[in-house]
Structure formats: C-alpha cells, structure tokens
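First the structure, in the form of structure tokens, and then the observations on it.
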Amino acid sequence: MKIALFQRDIFWADPARNCTCAEEAFLAAPACDLYVLPEMWSTGFATQPENIAESEDSYSLRWMHQMANKLNAAIAGSLAIQTADGSFHNRFYFVKPDEEKASYYDKRHLFTYGKENLHYTAGKERVVVEWRGVRFLLQVCYDLRFPIFSRNQEDYDCALYVASWPTSRLAVWNTLLHARAIENQCYVVGVNRIGTDPACAYCGGTMLIDAYGKDIVSCPQNQEGVIVGELDLNKLNSFREKFPVLKDRD
C-alpha cells in the first residue's frame, strides 16, 4: 500500500482556501492508496472553535468525499466539527471512495495545556479502520503521549497520528512516534503541519516509521511537501512471527 503524507501550512479559519491548496497538492502527487492531512487541516488548531468549527455536513468533509472518489483512494485528516447538539469535536475522518458515510474517531485526549478540553468534547471510542487489507488505528496529536490507549491488541497494522505539534516540543514528537512503532510492532505515520497560528509555530516532522523504529520516509522541517511511503504487510507479518513481542505483551 502506498501512502502520501502532506506537510502543509494552514490558512487560519479558511476551509475553502485550504481545500483548494490541498487539492492542488493531491493532484500533483503520485497516485496512492491513502492521502493523509494534518490535524484540523481546514482551519488550523482552533482551541476556541466558536465561529470557526464546521458542521457535520461540512464543506471540507464533502471535499474529502469528492477527492476520495476522484482519486479512488482514501483521504484522512481531522476537522474541527460542531455537531447538531452544539458540542465541538476534534474529529479524525477516514473517507473511502464510493462510501456515503465516513468512518471517524473523536480525539480522546484533549490538550489541557492549550485549553482544548474547555471547548471540545472528548471521544470515548478507540477506532480501527480497515482499508485495502491494512488496519489503521486513528489517533490525534496529544494521543501520542498515552501509550495504553494505543496499545496494539493485534488489531491494527499502522497507527495514524495527525497533529498540530509545536516546534518547541518536536523532540518529544520524534521520540514518541518511534517508541509507538517499536512497542506496538507496527507502522507509524506522523503528519504534522508547518507555519504559524495565533498561538504557536510549527516545523513539521512528518514521517513514516517501520516496526523496527526506522524511518522509511521523512519530510524536511519547515518545508511544505508530500512524501510517499509504502506499507509491506508481508514484511510486517514475517517480523511479528519471527519476533513475537505482541504475543508476549502484558
């Protein structure tokens, strides 16, 4: 399976412009099975989502469906969503072609330090999505710090982390992504934005890591771009059989 990871700047609270830029990048990229965007890629990381968050029938989600159908591929990334009951969710959508209803995961660990918890409702469900034979665990940014929640119960092959992770804590991002890959004997995708928003600066650090903790591909810091990597389930399953660390887990 080929995966395209998009390290992008985000125009603040401007879904239409962000969709246009993402579409241009998608169409210029090599054909892949899955295209992954950062956390809150259509608005920026809005800890105060009033008048910024989109509805459940959002422009950005409709665009994701359109692109999935156009590219015959899955599109993944999180959006700031306000549901019909008025609550806000940091919702990680996984959109497959020719499916009217997208799979999604609501961020479980809200970023208390940034006061995300004061405005958003935390998700409760751990979500794994299967696509073209690969099982993906959906995770968002701060979730990376909580290994018990993401513990591989032999139910996924690749963990997807989409993020708005600040430059000041980039060393933590790098360390924990590699740790999650090693301890869960899986592929790990980390897609982080670049640029600035009203609160922070971001430099990226987007990468695909294998189950040995080695980088398959990575994106240069502070540069917009796309990197393409490949998941090899035969190689992963062979490693799991030869070195059965998951079966020895607590």
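- Side chains of D197 and S164 form no contact here, defined as non-hydrogen atoms less than 4.5 Å apart.
- Residues R151 and E183 are not paired through a salt bridge, judged by the lack of any N-O separation under 4.0 Å between the basic side chain and the carboxylate.
- Side-chain contact between R8 and N18: absent, with no pair of heavy atoms (C-beta onward) separated by less than 4.5 Å.
- Between the CG atom of N174 and the CZ atom of R169 there is a distance of 13.5 Å, given to the nearest 0.5 Å.
- Taken from CE in M64 to OG in S42, the straight-line distance is 9.0 Å, to the nearest 0.5 Å.
- D157 pairs with exactly one of R132, R240, K235 by the salt bridge (charged side-chain N to carboxylate O under 4.0 Å, His left out) rule, that one being R240.
- E50 and H119 are linked by a side-chain donor-acceptor pair at a separation below 3.5 angstrom, with hydrogens and angles left out of the test.
- Residues T83 and H89 meet the side-chain proximity criterion, which asks for heavy atoms closer than 4.5 Å.
- Under a 4.5 Å side-chain heavy-atom criterion applied to ILVMFWY residues, the cluster that includes L170 comprises L144, Y161, W165, V172, W173, L176, L177, V188, M207, I209 as well.
- Looking at residues two or more places apart in sequence or on another chain, you find a ring-ring contact (aromatic ring centres under 6.0 Å, His included) between Y93 and Y104.
- Using the six-membered ring where Trp is involved, F6 and F26 have ring planes that are tilted, between 30° and 60° apart.
- The shortest distance between side-chain heavy atoms of L138 and V129 falls below 4.5 Å.
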inquiry  = Using side chain to side chain donor-acceptor pair (under 3.5 Å), reason through E39 and N90 one step at a time and then give a plain yes or no.
reply    = CA-CA 8 Å; E39 179 183 21; N90 188 341; 2.7 Å; yes
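- Annotation: side chain of S78 is not in contact with side chain of Y105 (no heavy-atom distance under 4.5 Å).
- For the 3.5 Å distance criterion, the side chains of S55 and D57 fail to qualify, holding no donor opposite an acceptor.
- Under the 4.5 Å side-chain criterion, counting only non-hydrogen atoms from C-beta, L236 is in contact with L233.
- Just one residue in the list V228, D232, L208, I227 forms a side chain to side chain contact (heavy atoms under 4.5 Å, CB included) with I216, and that residue is L208.
- Using a 4.0 Å cut-off between a side-chain N of Lys or Arg and a carboxylate O of Asp or Glu, R249 and E154 qualify as a salt bridge.
- For the atom pair CG of N192 and CD of Q7, the computed distance is 7.0 Å after rounding to the nearest 0.5 Å.
- Under 4.0 Å is where a charged nitrogen must lie from a carboxylate oxygen, and between D143 and R180 no such pair does.
- Under a 4.0 Å N-O distance rule, the pair R193/D9 qualifies as a salt bridge.
- For F146 and H109, the ring centers sit closer than 6.0 Å to each other.
- Within the 4.5 Å cutoff, side-chain heavy atoms of W12 are placed close to those of I52.
- We find the SG-CZ distance between C200 and F45 to be 8.5 Å, quoted to the nearest 0.5 Å.
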Working for side chain to side chain donor-acceptor pair (under 3.5 Å), residues E54 and S60 = CA-CA 8 Å; E54 299 182 79; S60 301; 2.8 Å; yes
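- A donor and an acceptor atom, one from each side chain of S87 and Q82, are nowhere located under 3.5 Å apart.
- Using a 4.5 Å cut-off on side-chain heavy atoms (C-beta onward), L71 and L27 make contact.
- Within the cation-pi definition used here (under 6.0 Å to the ring centroid, within 45° of the axis), R135 does not qualify as a partner of Y156.
- Atom-to-atom distance recorded for L246:CG and F239:CZ is 9.0 Å, nearest 0.5 angstrom.
- V191 and W131 fall within a single hydrophobic cluster, where Ile, Leu, Val, Met, Phe, Trp and Tyr side chains are chained together by heavy-atom contacts under 4.5 Å.
- Classification of the W41-W63 ring pair by plane angle, with boundaries at 30° and 60°, yields tilted.
- Rounded to the nearest 0.5 Å, atoms CG (D98) and CG (N69) are 5.0 Å apart.
- Between K107 and E116 there is a salt bridge, with a side-chain nitrogen of the basic residue lying less than 4.0 Å from a carboxylate oxygen of the acidic one.
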